[in-house]
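Counting from 1, the numbers follow the sequence of the chain as shown.
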Amino acid sequence: MESESEPYVRLASLRQLHEVMADMNTARSLADTLQTVANGVVTALGYELACVNLVRPDGDLVVAAFAGNQAAEALITGRVGSRESWERRLSMGETWGDLVFIPHTEGWVLDDDDVPQWYTDGPAPRFEDEWHPSDRLFAPMYTPGVQGGQCGELIGVLSVDRPRNGRRPGAWGREALQMYTFQAAIAISNARLRANMQRALVRLEREQQALRASEESFRQAFEYAPSGMAIAEMGGDQHGRILRTNDALCRLLGRPASAMRRYAFSDLVHPEDIGTLLRTSAEGGRAELRLGRRDGTYVWVSLRNSVVADAADGPRFLLTHVEDIEERKRRELQLAHRASHDSLTGLPNSAELRSRLSSRLCQRPTHTGALEPVDAAFGHPAFDANGHGFDFRQGGTEAFAAFDHHVHTVAPEGERDDGTKGLAVLFCDLDGFKSINDRFGHNAGDAVLIEVARRLSQCVRDGDTVARLGGDEFVILADGLGKADAADLAVRLRNEIIQPIRAEGRAVRVGASFGIGWAHCGMTADEVLKSADERMYVEKRSRPKQHRRAG
């Protein structure tokens with residue numbers, strides 16, 4: 001659960017982080033990858049400064065990339081810090097998962113070591129989690145293991161500074177930085193691997209006399225790659241059949257090399273991802289999809305293709321790089337779920353409710369280069385029951401199908417049930433909930449909210465949405481109901497809610513007031529919810545106060 005001081009996690013920020021991670025894997029060279037890693041911290045993670053310290057062959061670390069300040073970049077890029085000094089830093093301070101944080105109260109002992117650094121003095125923090133100019137935050141990068149674990153050797157350290165919000169990162173910020181660092185380590189390892197493989201391929205083309213040595217170099221790069229590799233046939237009747245795999249891919253899928261040669265990737269991909277695989281081009285194609293393991297489970301991988309060419313006959317083989325991204329996908333799903341669901345009840349939150357409701361409600365667009373259908377008498381758009389427009393200014397009925405692929409949401413009309421089935425929006429407000437909080441405490445109130453959420457979820461159909469709007473307000477979206485159906489559903493839900501609830505060792509009761517609104521195209525989500533909310537208050541005021549809850 002995010003703390004109250006954590007910023008609201010929006011899906012837009014997750015998409016931006018995902019795009020930056022994708023950019024790391026598409027950089028053309030190791031230098032571009034390192035600079036992309038540094039730039040990504042500044043553009044996506046909310047820090048003003050970022051430095052990539054890369055381990056050299058002799059073990060010391062060199063400042064290989066910097067982002068955020070040109071003056072600091074010119075000052076320290078290319079400078080070297082000893083491995084001993086870096087190991088000292090990584091063993092100090094506070095451990096935040098895989099991160100190392102050294103507060104300014106301890107970092108002064110590092111001012112005179114040989115690690116290239118920048119810092120400025122500043123006033124003491126005004127509050128507990130305020131960032132001090134001399135605070136230091138390091139994210140070590142390790143070579144990835146077969147299953148994505150950070151269990152390999154150190155390849156570098158990512159240093160970040162000056163959070164834009166002026167605070168030490170909270171739980172989500174730390175998790176995002178760790179996930180980003182994990183992907184950066186993979187990107188750097190893969191950039192090195194690609195560089196080695198490209199050099200091997202150049203030698204194959206330019207040095208025919210050194211063919212044997214070049215083949216051995218390629219073999220080692222293929223066999224000992226930290227992530228999965230495969231060679232498949234290209235063209236002909238056997239196009240796509242796997243010819244060779246490395247140990248990493250065999251271990252990832254739990255299949256021996258001899259069995260892998262019986263398959264193509266199209267045989268191993270999850271049925272839902274076959275379209276993604278088929279849309280992936282052979283040369284330079286990249287896709288994220290699921291491959292089947294021997295035990296029947298599936299693992300998320302990033303699959304990237306390149307062509308191994310023959311100088312005389314043209315492309316002959318397809319080289320496929322398979323990277324395990326299961327952990328990253330799991331974290332993405334967790335973060336996305338946390339952003340769209342209520343942390344207490346697990347129900348969809350207000351933002352997710354509005355998103356689901358908006359997806360059902362089309363708005364009448366104004367078409368560029370074509371007249372919007374207008375009612376000549378009133379000067380506003382005119383539409384028929386099927387969503388077709390008519391421009392009466394033209395003296396005729398010129399229709400266009402603006403929403404051919406959308407099934408319009410309609411609402412029952414009048415007070416009586418006319419048989420129309422629509423999207424019912426039931427706005428639920430608990431009666432007597434505040435008194436439970438006041439008398440027994442917020443833990444009891446939370447227990448009531450959790451139980452109410454459970455009862456509401458059990459009483460609706462599969463496909464209906466139960467969401468927590470906030471506080472003690474809930475909303476139910478139920479499609480395909482008539483007026484009588486919606487009224488009956490509200491009664492059943494109210495009867496479930498008024499049953500006694502165990503909270504903090506005692507039985508308590510709450511009542512519920514329901515307002516039934518109807519969604520139809522042309523309305524916004526807020527307009528639909530406001531309509532249901534107003535009906536709920538009408539229903540609440542119509543009942544005597546003593547009858548609003550069961551006791």
Side-chain angles (χ1 to χ4, degrees), residues 1-10 170-172 334-335 337-357 425-460 464-478 489-517 525-526 529-530 532-551:
M1 180 186 301
E2 298 292 340
S3 66
E4 293 182 356
S5 62
E6 272 299 289
Y8 179 72
V9 181
R10 298 184 180 277
W172 183 85
Q334 288 177 343
L335 290 173
H337 186 273
R338 195 178 301 169
S340 61
H341 286 71
D342 175 48
S343 58
L344 176 65
T345 63
L347 296 177
N349 60 18
S350 175
E352 177 67 10
L353 170 68
R354 285 174 166 81
S355 175
R356 295 186 185 184
L357 186 53
V425 181
L426 283 71
F427 199 107
C428 171
D429 182 81
L430 300 184
D431 300 325
F433 176 76
K434 183 177 183 301
S435 64
I436 293 177
N437 264 341
D438 294 341
R439 293 174 60 191
F440 307 123
H442 288 286
N443 287 340
D446 287 349
V448 169
L449 293 174
I450 292 171
E451 177 60 17
V452 168
R454 187 190 68 82
R455 293 181 182 183
L456 291 174
S457 299
Q458 285 188 338
C459 287
V460 299
D464 292 345
T465 293
V466 178
R468 183 186 177 198
L469 197 60
D472 60 349
E473 295 179 334
F474 298 83
V475 173
I476 297 92
L477 304 182
L489 176 60
V491 171
R492 286 190 286 111
L493 294 176
R494 182 184 293 113
N495 289 339
E496 281 294 323
I497 291 174
I498 65 176
Q499 301 303 316
I501 297 174
R502 296 294 298 179
E504 295 293 298
R506 57 176 58 86
V508 298
R509 290 175 180 261
V510 292
S513 297
F514 281 85
I516 303 174
D526 285 335
L529 294 174
K530 181 180 178 181
D533 186 24
E534 291 173 348
R535 293 173 184 268
M536 181 274 297
Y537 276 107
V538 170
E539 196 270 348
K540 184 186 289 283
R541 289 192 295 267
S542 69
R543 290 184 293 135
K545 186 174 182 180
Q546 63 270 25
H547 294 159
R548 293 180 189 169
R549 59 189 180 95

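Residues Arg455 and Gln499 form a side-chain contact, since some pair of their non-hydrogen atoms from C-beta on lies under 4.5 Å apart. Within the 4.5 Å cutoff, the side chain of Ile497 has heavy atoms near those of the Leu430 side chain. For the pair Phe427 and Leu469, the minimum side-chain heavy-atom distance is below 4.5 Å. Proximity of Ile476 to Val425: side-chain heavy atoms (C-beta onward) are nowhere separated by under 4.5 Å. Put simply, the side chain of Leu477 does not reach to within 4.5 Å of the side chain of Leu426, judged on heavy atoms. Within the 4.5 Å cutoff, the side chain of Phe433 has heavy atoms near those of the Leu449 side chain. Considering only heavy atoms from C-beta on, Leu529 comes within 4.5 Å of Arg354 through its side chain. Looking only at side-chain heavy atoms (C-beta outward), Leu347 and Phe474 come within less than 4.5 Å of each other.
For Ser457 (side chain) and Ala453 (main-chain N/O), a donor-acceptor pair under 3.5 Å exists by modelled atom type.
Side-chain contact of Ser435 with Asp438: a donor-acceptor pair under 3.5 Å is absent, judged by distance alone. Between the side chains of Gln334 and Arg338, no donor-acceptor pair of N or O atoms lies under 3.5 Å. Residues Asp431 and Ser513 have side chains that bring a donor and an acceptor to within less than 3.5 angstrom of each other. For the 3.5 Å distance criterion, the side chains of Arg468 and Thr345 fail to qualify, holding no donor opposite an acceptor.
In terms of the salt bridge (charged side-chain N to carboxylate O under 4.0 Å, His left out) criterion, residue partners of Arg494 (sequence neighbours excluded) are, by chain and number, Glu539. Arg506 pairs by the salt bridge (charged side-chain N to carboxylate O under 4.0 Å, His left out) definition with nothing, not counting sequence neighbours. Residues forming a salt bridge (charged side-chain N to carboxylate O under 4.0 Å, His left out) with Lys530 (at least two apart in sequence, or on another chain): none.
For the atom pair CZ (Phe514) and CG (Leu489), the distance works out to 7.5 Å, reported to the nearest 0.5 Å. Between the CG atom of Asn349 and the NE2 atom of His337 there is a distance of 9.5 Å, given to the nearest 0.5 Å. Here the straight-line distance linking atom CG of Asp446 with atom CG of Asn437 works out to 7.5 Å at 0.5 Å rounding. Rounding to the nearest 0.5 Å gives a distance of 11.5 Å between CD1 of Ile516 and SG of Cys428. The CG atom of Asp526 sits 11.5 Å away from atom CG of Asp533, with the distance rounded to the nearest 0.5 Å. Atom CE in Met536 sits 9.0 Å away from atom CZ in Arg541 (nearest 0.5 Å).
The two residues Ile436 and Ala444 make their nearest non-hydrogen contact at CG2-CB, 4.3 Å. Heavy atoms only, all atoms of each residue included: Gly511 and Ile498 are closest at CA-CG2, 4.1 Å. In terms of heavy atoms, Ala532 sits closest to Gly517 at CB-N, 3.8 Å. Between Val448 and Ala503 the shortest heavy-atom distance is CG2-CB, 4.3 Å.
Salt bridge absent: Arg492 and Glu496 never bring a charged side-chain N and a carboxylate O closer than 4.0 Å.
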